[in-house]
Amino acid sequence: MDFELKKEELNTLKCVPLAPAEQSVNLELNLPDYCSDIKRILKCFVSPSVNSLRRQENTVTASGEIVIRLVYVNSEEKIDCFEHKTELSKTAELKDIPESAVISCDCETEYINCRAASRRRISLDGSVCVIFKAHCFGKTEVITQIESSGVQTLQSEEELACITAAGEKCFDMSETASLSQEAEPIGKIIRSQSFAKLESAKAVSGKLLIKGELVTEVVYCADSAEMKPQLFRHTMPISQIVEIPNLSEDDDCLVRLSVRALNLQPRSDSSGSNRLLEIAAKVCAFVKGTAVKSVKMVTDCYSTCFALKADYSYIEVFKKAHTFDVDSSFKKTAELSGRNVASIVDAQCLKASCTVAANGEKLELRVSILAGLIFVDSDSSFQYAEKDVELTIEENLHKRLQKILCEPYITVEKIEATPLGGEKIQFTLNLKGKFNVFSCEQRRVCMAVGEDENAQSPQRCALIICYPKKGEKLWNIAKHYGSTCKAIADENGISGDEIDEDKMIMIPCV
């Protein structure tokens, strides 16, 4: 028996985390001559960054640098700092990862212990980690229609979210920024941070036009006798065209911009003062396109003419459930136990992470932020503290989700801290992030059909009478007796796909 099967592919994209690659940081460093003696260490910041990802057969190598920045109080009770750079290079195996996969990475500091071996020497013991991810494309082929004499099919038509394209493209940005006339010249950089803001993204036939801003924030010691900390913030426009094969203008495109590497170099202007800052950054755009398709899937089948053999399997299907589009300011009160705060010198986000969980008919975006603070206490002494800030953002769905799939992210665009008296402070946080949440559901579908040559042919009777109960499905009755839903409905004047009351019906032979 010949069967003509019509099929459709459902595309998916699965994020596969690879084994983290750790690199130890064990160093003994001497302060250069231009740095004053260490009286008290405030904080040692260790910031790993990746300048390039190189894939070779079954491995991927991340190359970059680790910036070590020591912030301390000198013998004159002023903030001073010292910077040192060392190489970063880690390789991960791509076992069972297809060539079509999109490889990306993030960096973080696992831990760092820093102590002053002397007034001019520090000892470091720590570890940084490169976290590789592989976004792998997957395809599931489902039968949408079976064309063969006498074959009856039960179909489920659903609006499913399918991946159309995905890719990551990196681009370099550089600019020389000038300080304002009121600002003091740059002495030493205490800390730096950069993030990319997406304003718009337009897809046109395999290309994506991205517009936004690259914001760089620098806190430095002024090049003056007071060495007073100064804040400098600079914005660079982003206008890039990135190629993403298979991307269509009708796709729902989500773009995540991240800064993979940042390099800063103070320069002198015509007056000889360090009033210029060279900014060089590597920005990466991870793009994912999705489209909602109406898909008919054959969930059951039988034949009125012969014994049919069908193979069934459970597959996962995805539906777009919600889009988190966060662009808001939040306030959170915290307490520094045993630390009285007179004024805040600097507040920064050291780490931000988030998760999404389904809670009844709500979705909860749980944001965790580690904030670092340099402040002046009630004794007019510089101090450093870290504080965890937790936020929960709820969205009503008006339905329950059993299982969800998403890759959430949040960018902390601004963080400020205000003393409230005593040990209390108030954080003001500007958060931004946009990502989709998909519901993940199981469906039993027909994967293959054929004639069962070992089975007996259906028995034919001139008249069959049966007594179904209210609520019985017409499909189940027709399949059991080898008839069709239409024939039974026409014979008995039934509308709908189930029996409306307990009664006798006649099953016609087809």
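The first residue in the sequence is number 1, and the count goes up from there.
Salt-bridge check for Glu364 with Lys362: failed, with every basic side-chain N at 4.0 Å or more from each acidic carboxylate O. Looking at Arg339 and Glu423, no side-chain N of the basic residue comes within less than 4.0 Å of a carboxylate O on the acidic one, giving no salt bridge. Contact check on Arg115 versus Asp125 returns no salt bridge, with no Lys/Arg side-chain nitrogen under 4.0 Å from an Asp/Glu carboxylate oxygen. Using a 4.0 Å cut-off between charged side-chain N and carboxylate O, Glu316 and Arg443 make no salt bridge. Ion pairing between Asp106 and Lys133 holds under the 4.0 Å rule for side-chain N and carboxylate O. Ion pairing between Glu217 and Lys414 fails under the 4.0 Å rule for side-chain N and carboxylate O. Note on Arg260 versus Glu168: salt bridge recorded, some NZ/NE/NH1/NH2 to OD/OE distance being below 4.0 Å. Between Arg120 and Asp37 there is a salt bridge, since a side-chain N of the basic residue sits under 4.0 Å from a carboxylate O of the acidic one. Ion pairing of Glu28 with Arg121 is present here, as a side-chain N (NZ or NE/NH1/NH2) and a carboxylate O approach within less than 4.0 Å. Salt-bridge annotation for Lys139 and Glu9: present, with a side-chain N of the basic residue lying under 4.0 Å from a carboxylate O of the acidic one. With respect to the salt-bridge test (charged N to carboxylate O, under 4.0 angstrom), the residues Glu83 and Arg69 qualify. Looking at Lys39 and Glu76, no side-chain N of the basic residue comes within less than 4.0 Å of a carboxylate O on the acidic one, giving no salt bridge. Lys288 and Glu407 are joined by a salt bridge, as a carboxylate oxygen and a charged side-chain nitrogen come within less than 4.0 angstrom of each other.
A distance of 9.0 Å separates CD of Gln240 from CG of Asp172, quoted to the nearest 0.5 Å. Atoms CZ and OG, from Arg256 and Ser104 in turn, are 8.5 Å apart once rounded to the nearest 0.5 Å. A distance of 11.5 Å separates CD1 in Ile103 from OG1 in Thr61, rounded to the nearest 0.5 Å. The distance from the CG atom of Asn246 to the CZ atom of Phe137 is 8.0 Å, given to the nearest 0.5 Å.
Residues Ser439 and Ala321 share a closest heavy-atom pair of N-CB, 4.0 Å. The minimum heavy-atom distance linking Asn430 with Ser329 is given by the pair OD1-OG, 3.2 Å. Annotation for Glu413 and Arg233: closest pair O-NH2, 3.4 Å, computed over non-hydrogen atoms.
In this structure, Phe45 and Tyr384 have perpendicular ring planes: the angle between them is above 60°, well past the 30° mark. Ring orientation note: the planes of Phe232 and His234 are close to parallel, at an angle under 30° on the 30°/60° scale.
Judged by distance alone, the side chains of Ser24 and Ser127 never bring a donor and an acceptor atom under 3.5 Å apart. Lys211 and Ser239 share a donor-acceptor pair across their side chains, judged by distance under 3.5 Å alone. Side chains of Thr164 and Asp251: a donor on one and an acceptor on the other come within 3.5 Å. A donor atom on one side chain and an acceptor atom on the other are found under 3.5 Å apart for Ser224 and Glu184.
In this structure, the side chains of Ile189 and Cys81 stay at 4.5 Å or more apart for every pair of heavy atoms.
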Output side-chain donor-acceptor pairs under 3.5 Å for residues 199-207, partner residues at least two apart or in another chain, one line each.
none

Which atom pairs, one a donor and one an acceptor, fall under 3.5 Å between side chains of residues 345-357 and the rest of the protein, sequence neighbours left out?
unit_1: Asp346; atom_1: OD1; unit_2: Arg191; atom_2: NE; d: 3.4
unit_1: Asp346; atom_1: OD1; unit_2: Arg191; atom_2: NH2; d: 2.8
unit_1: Asp346; atom_1: OD2; unit_2: Arg191; atom_2: NE; d: 2.9

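Within 6.0 Å of the CZ atom in Arg119, the count of heavy atoms belonging to other residues, nucleotides or ligands does not exceed 12. Within a 6.0 Å sphere centred on CD of Glu159, other residues, nucleotides and ligands contribute more than 12 heavy atoms.
For Phe286 and His135, the distance between ring centers is under 6.0 angstrom.
Listed for the Ser248 side chain is a donor-acceptor partner under 3.5 Å among the backbone atoms of Asp250. A donor-acceptor pair is defined here as one N or O able to donate and one able to accept, closer than 3.5 Å; no such pair exists between the side chain of Arg40 and the backbone of Ser75. Without hydrogens or angle criteria, Arg275 side chain to Ala183 main chain gives a donor-acceptor distance under 3.5 Å.
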Step by step, would you call Asp269 with Ser271 a side-chain hydrogen bond (donor to acceptor under 3.5 Å, both in side chains)?
CA-CA 5 Å; Asp269 61 6; Ser271 69; 2.6 Å; yes
Apply the test side-chain hydrogen bond (donor to acceptor under 3.5 Å, both in side chains) to residues Ser268 and Asn274: give CA-CA distance (whole Å), side-chain angles for both, the deciding distance (0.1 Å), then the verdict.
CA-CA 4 Å; Ser268 59; Asn274 284 344; 4.8 Å; no
Check step by step if side-chain contact (heavy atoms from CB on, under 4.5 Å) holds for Phe195 and Gln193.
CA-CA 7 Å; Phe195 62 88; Gln193 208 163 25; 5.8 Å; no
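For Cys284, the disulfide (SG to SG under 2.5 Å) partners are Cys170, not counting sequence neighbours.
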